[in-house]
Structure formats: C-alpha cells, structure tokens
Amino acid sequence: MDFSTILQILDSAVRFSTPLLIACLAGLWSERAGIFDIGLEGKMLMGAFAAGAFSALATLPVYDGGWGWETGGMWVGMVAAIVASVLLALIHGFASITLRGNQLISGVAINFFAAGITVLIGASWFRQGGDTPQLPTGGRFRPIELPFSETFANVPIFGPIYQNLISGHNLIIYFGFFAVLATYWILFRTRYGLRLRAVGENPGAVDTAGISVIKLRYSAIIITGILCGIAGAYLSLGTSAPGFGRDMTAGRGFIALAALIFAKWKPVPAMWACLLFGLLEAIATKYQSIDLGFMILPGQFMQALPYIMTVVILAGFVGKAIPPKAGGEPYVKER
Amino acid sequence: MNNGIPKWVDVVLIPLLSLILAFMVSGLVVLSIGKDPIQAIKLMVYGAFRLNDGIGPTLYYTTSFIFTGLAVAVAFHAKLFNIGGEGQAAIAGVGVTLIMLAFDWPHWTIALFVGVIAAAAFGAAWAAIPAYLQVKRGSHIVITTIMFNLIAGSVIAYLLVGPLQASGSLPESSRFPSAASLPTLHDILAVVGINFDRFSDANITFFIALLAAFFVWLLIWKSRLGYEIRVFGNSDKAAVYAGISPVKITMIVMLISGALAGLMAVNTVQGQAERLVLGAVEGAGFIGIAVALMGRNHPVGIVLAAFLFGALTQGGVELQFEMQIPSQMVIVIQALIIMFTGSLENLVRMPVERLFSRFKKGAV
C-alpha cells in the first residue's frame, strides 16, 4: 500500500466520520443532561430529508414548482434540516422531561416515525419513491480549498497531506471538528456546562441550588436537535452524490451512539472514536474483504466491528464505560 | 401505582384514548399529503378483513407480532427492556435454515417440532449474551441488544452472500425440502370444510403463537418462577431480600424472551418464505414493543394488539394499491401508536386520573 492510497483512505475516513461525529456530539449533549437518546438515527434521517427536500425546492426550476435559485439552496436545506430535527427533539423532550415518559420508547417511536414520514412526504412531493431529485451545484456544500494548498503541493509528505487531507473538504466537515472544541469548551469550561453535567448526574442537587432542571434539559435537547439536523444535512448536501435517498442514514445514528459509549461520553475521545469508525467504513468500502494471511475478514465483519467493539467496551473488558448517573430517569421535583 | 383509578380505566380506557389520538394524528398526516383520511380508513379496514385475501395476510402478520409482543412483555415483567427482538428473530431464522437444510424431512410435523426448537434455541442464544453481560459485567441491556440487532444484520448479510447463499445471484438460501413445508390455514381449515384463502401466508404457526400466549400466561401468573419474575420487576431489592437471585431471573427471563422472539422465524422463514432471505424480520421486533405496550403486557391484550397491528400492516398494502399512499404510512401509524401509548402515555393518563379523583371526591 503506497502513500497516496493511505492518504486516499484517510481522506474518505474523514468524510465518513463527519456525520457520525456530529451525531455523536448530539447524543453527548442529551445524555450528559440525563436524557437517553436512541432516536439520533431518526432525527438525522429527518434532517437529511428536510435538507435534501428544501434544497431541491430552492434550486429546482420554477416550472417544476421550485424557486429557481442559482446559489444558496443548501442554506435553505440546512435551516430546514435543523428545524425538522429540533421538532423531533422537542417531541422527545416533551415526552421525557415534561411527561416523564419512557425515554427509550420515545426514541424507538421517533426512529420509526422518521423512517415512515420521510418516504411518505418525499414520495408525495417529488414522486420518486421517497427520494429527492439530485441537487445542482447551487444546492449543496462544495469542497473548500484552504489557502496555500497549491503552494505546498510540492513539499514532500506535508504537501499532499495538507492538500488532500486537511484542505478540500466542505464546510460541514470543518464544522464537525469545530463542534468538538466548542462542546468541550462549553461543557467543561463554562458555568452552564457544569450545571448541565450536574443535571445528568444529580438533578436533585441542581434543583436545590435553585436552577431549573427542566430548562437545562430542554436546552440540551435543543442542541441535540440542531446537531442531528446538521449531521443529517451533511448526508444529503455534503457528499459527492447529493440528494436524499430513503433510509439514507442506514444505521449511522446507532454507530454514533456506539461511538458515544466508546468515547465514554467525552467530546475529544468522541472525535477519535468517530474517526476510527469512519476509518473502518472507509476500509470496508475500499476493500471487499481483508486478507490477514491466516484468515480472510469479510467486509460485513468490518461493518459490524464498531458494534462489536462497543459491546466489548460496555462489558468493561477494555476500560469501563460509565454513563451519566441520572440518565434515563425522569426528574420529579420534591414537594 | 394505579392512583386509585378503576382497573378498566387503566386497561381499556387509557389505551383506547391513546389509540384514538394516534389515529387522529395519522389522519392529519394523510391530509397533509393531500389524501382523504376517511377513505384511507375504509380502505384499510376493507383490505385487512376482506375474506378472500385480506384476513389471511392479517393473521400471518398477527402471528409474528404475537411472538415479538410476548417477548417484550416477558422481559418487561422483570423490568428489562429487550429491544433486541429484531436481531433475535433474525438469528433464529438462521437456526431454522441450518436445520431445515441439513436433513430430508420425512413429515412436516417433525420439521415443525424441530424448527420450533431451533428457532427458540437460536433466539435465546442471541439474547443470552446481552443478558450475561448485564448481570456479570453491568453493561446496559438496552444498548447491548441494540448493538446485537446490528451485528445480527451483518451476520445475515454475510451468510446470504457467503456460506448460505444458494447458487444464483440473489442473496438468499436454498429452498427447504418440500416435505418440511408447513400446512397453511387454508389446508387446515379445509379439513373442517371451510374454504379459507388459498394464497395467504398464514400457517399453522398461528396456533403455536396462541399456545405461546397461553404459556406466557401460565408462566407469569401461575408459576413460582413467574411470581419471582414479578417480584424482581417490582423491586429488585425486595427480590434479593426474599432470596431471589437477580442473576438467575435476568438470565432466565432473557432466554425466554429471546426464544419467543425467535419463534417468529418459524412463521416467516419456515412457514412463508421456506428459505432465508434478507430482511425477513422487517421491523417486527420493534413492533413487538408497541404490541406489548398496547396489550399491557398481558397475553390476552397482546394477542388483540398483535391482531390490530397485523390488520394495520395488511391494510397498508391496500393504501398503496388504491390510493397511491406509500406503505410507509403504516410505519408512521405504528410510530404514532408507540408514541401515544408509550412515551406520551401521560398525556392521556394524567387528565383521566385527575378526572377520576375529582369524580370520586364528588361521590363521597
């Protein structure tokens, strides 16, 4: 395997890991505040659909019922994705915070709902069996060339790395890495973050300090919704085949959940976990099977590896993953 | 617990009101895509219960949902959330396929007997690992069963393009020997002179599902083990104090739950497809959650709820044919039912309880 192949695999690993990373951070916000969220998949799917559908509407020619925009359609899509995903997040919040319902069941319902409604509305709007039309250039996020990528191109090793791996991604990919830092800084360096983490560990103590548990949890849920929307938007606006396809998340919400546990609910490890899972996906996409010399690993094994690794981590064989203590428990104010 | 509301309110009124809410929102969804909800309901009822080719498929789906619903309910009684029915049923399908392809079956009765054992054993085995990891390593059973659903998906994807693939390009196994073919409801009812839909997939497994429901009733309410399960579910501390081993109960409950989910494969893999195909479970594992919720974890309720969901699934097919509403409408309705009877249940329960407590005060 030569240098350029490795670079190519790493480059696609970054691309594959972005939706995982943003969704994983989404889950981190919610679970750190004590709300289990197995509905990441559904919110992402909803975001991907809304992004694809509204970007298509904005950029389709007027005679097709679109607005005929030449550029900027992806921003309409992005806003739609965030709104749609936050709406689902608020349903989850209403069920688990206000009504003190079962958070796991709520997550299952949201995944189901998104799987159905996206196809239903998509088929009714675009008549392509639930898919949206392919998006024109003005409706998607294009790769950004960072400064000096041409200048450095001839520098050995660093040049190609800078040009292929660091430069040349779209805005959402850079946002993903920014979101890691932002999440870390807010959760671990601000008062709001301290309170939010406290709500996930011991809501009673936060309440005693005169701070509203309900408001904090709703704020976390909304951030979760925003991030899931962006993660979904990446899938339909940020890849080389832009447009929404039914069931396009294909389990990524669950891989993100796995990464969250793998990273023990911490932002920077979450980034590494998602990069690792993205790398696995990149390898599985490039090679049908892997010959280890003594045995051949089928591609399906690579697909299952994130889940297997998560089970191993959960079982505490490689460092114990301990979730936030108040996770899944509705908070009942003492009277 | 039940805050002084009569039992019929808890068991009948609240689920019914939740169901009505779910259907009303579903109606709004139908409206929003520019179709007529009243016509849709009529079509679904007609499609699901029509005698020649409606009730048959409905009973076929019902059979699967009874199994997965019972699986979720048994675990619920021990306060365990088995979200892994999907994977357990899928792996059970592998078990059924392996055994069916291994022998030339002399008669369907033997094939059925062995198929049931294989499905239950493989389903239970797939549930055993998460159960063991929960009791011995403290890993959360919900997360591990989700992971095991996804791992099962990869296992089947691998088997169907690898070792189990029949000659040909389709990802499916060889067909089972014809002697292993299970009698359909058409065959059975013909014996007593009823001419039931010849082409439906409903088969003898339906009666096994009813038997399983009866078995669960015996287990939970009439056996010592069932008593221990319920004690453990109500208070694990009290259970330990009474000498009930949490390890034992968790393991046994999850084995039974996995076996029940696995039995679904007898209906779909052995009874219908007669070979292993991709996506044989099709969300039935998740629908089991809704069925258990609607049925209040009681076998009678579960059979009724499974019938409702079976009718929904079959009725949805009709929507696609007659009104060009994608069959995903059914998934939306199921999602809304899970929401309103599950996570949003208090939306109905709280006002109803308030109403009853006021009513009671007025009476005194």
Side-chain angles (χ1 to χ4, degrees), chain A residues 36 38 42 91-92 94-96 98-125 127 129-130 246 251 254-255 257-258 261 298-308 310-311 313-317 320-323 327-328, chain B residues 29-30 32-35 81 83 129-130 132-134 136-140 142-144 146-162 283 286-287 289-290 293 324-347 349-350:
Chain A
F36 276 156
I38 58 173
I91 294 178
H92 187 56
F94 182 62
S96 42
T98 307
L99 291 181
R100 295 178 220 134
N102 186 318
Q103 300 168 9
L104 300 165
I105 290 171
S106 174
V108 171
I110 282 171
N111 288 338
F112 249 66
F113 183 74
I117 199 90
T118 50
V119 177
L120 209 60
I121 297 180
S124 150
W125 285 2
R127 313 207 172 275
R246 53 199 280 185
F254 293 110
I255 301 192
L257 194 65
I261 298 156
Q300 289 86 2
F301 180 76
M302 304 295 290
Q303 280 165 12
L305 205 51
Y307 311 124
I308 298 172
T310 302
V311 170
I313 281 278
L314 265 175
F317 294 121
K320 191 107 188 89
I322 300 164
Chain B
V29 172
V30 174
S32 76
I33 56 168
K35 309 276 179 179
F81 191 16
I83 198 169
I129 312 167
Y132 179 81
L133 291 177
Q134 155 121 349
K136 288 293 180 191
R137 312 288 314 185
S139 49
H140 201 302
V142 172
I143 306 287
T144 31
I146 290 178
M147 297 300 136
F148 268 67
N149 284 342
L150 298 156
I151 295 171
S154 293
V155 168
I156 301 226
Y158 167 68
L159 290 175
L160 287 183
V161 295
F286 291 118
I287 292 171
I289 299 167
L293 281 171
Q324 286 78 47
I325 300 178
S327 59
Q328 274 77 9
M329 184 64 219
V330 176
I331 302 183
V332 173
I333 300 176
Q334 284 162 348
L336 289 167
I337 295 180
I338 298 179
M339 238 178 243
F340 282 102
T341 58
S343 53
L344 295 176
E345 197 212 18
N346 280 338
L347 200 61
R349 180 178 288 273
M350 283 171 174

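Here is how names work: the chains are called A, B, and so on, in the same order as the sequence lines, proteins then strands, and each is numbered from 1.
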For B:L293, which atoms come within 4.5 Å of any heavy atom of chain A: side chain, backbone, both, or neither?
side chain
Extract all donor-acceptor atom pairs below 3.5 Å that involve side chains of residues 108-125 of chain A and protein atoms in other chains or at least two apart in sequence.
| unit_1 | atom_1 | unit_2 | atom_2 | d |
| --- | --- | --- | --- | --- |
| A:N111 | OD1 | A:G42 | N | 2.7 |
| A:N111 | ND2 | A:I38 | O | 2.8 |
| A:T118 | OG1 | A:A114 | O | 2.7 |

So what's closer than 4.5 Å to chain A heavy atoms on B:V161: side chain, backbone, both or neither?
side chain
About how many Å separate OG of B:S343 and CZ of A:F94, when rounded to the nearest 0.5 Å?
10.5 Å
Residue from B:L133, B:L344, B:T144 scoring the most non-hydrogen pairs under 4.5 Å with chain A is B:L344
Minimum side-chain heavy-atom gap B:F81-B:I289 below 4.5 Å:
yes
What I'd like to find out is whether the side chain of A:I261 reaches to under 4.5 Å of the side chain of B:H140, using heavy atoms alone.
no
Could you look at A:F301 and say if it's the side chain, the backbone, both or neither that has a heavy atom under 4.5 Å from chain B?
neither
Contact class of B:I337 relative to chain A, heavy atoms under 4.5 angstrom:
neither
Per-residue tally against chain B (heavy atom, under 4.5 Å) across A:G130, A:G129, A:G107, A:P298 peaks at A:P298
So how far is it from B:Q324 CD to A:R127 CZ, rounded to the nearest 0.5 Å?
9.0 Å
Listed pairs under 3.5 Å, donor-acceptor, residues 147-159 of chain B side chains, sequence neighbours left out:
| unit_1 | atom_1 | unit_2 | atom_2 | d |
| --- | --- | --- | --- | --- |
| B:N149 | OD1 | B:G87 | N | 2.7 |
| B:N149 | ND2 | B:I83 | O | 3.0 |

May I ask you to name which of A:H92, A:Q300, A:Q103 has the most heavy-atom pairs under 4.5 Å with chain B?
A:Q300
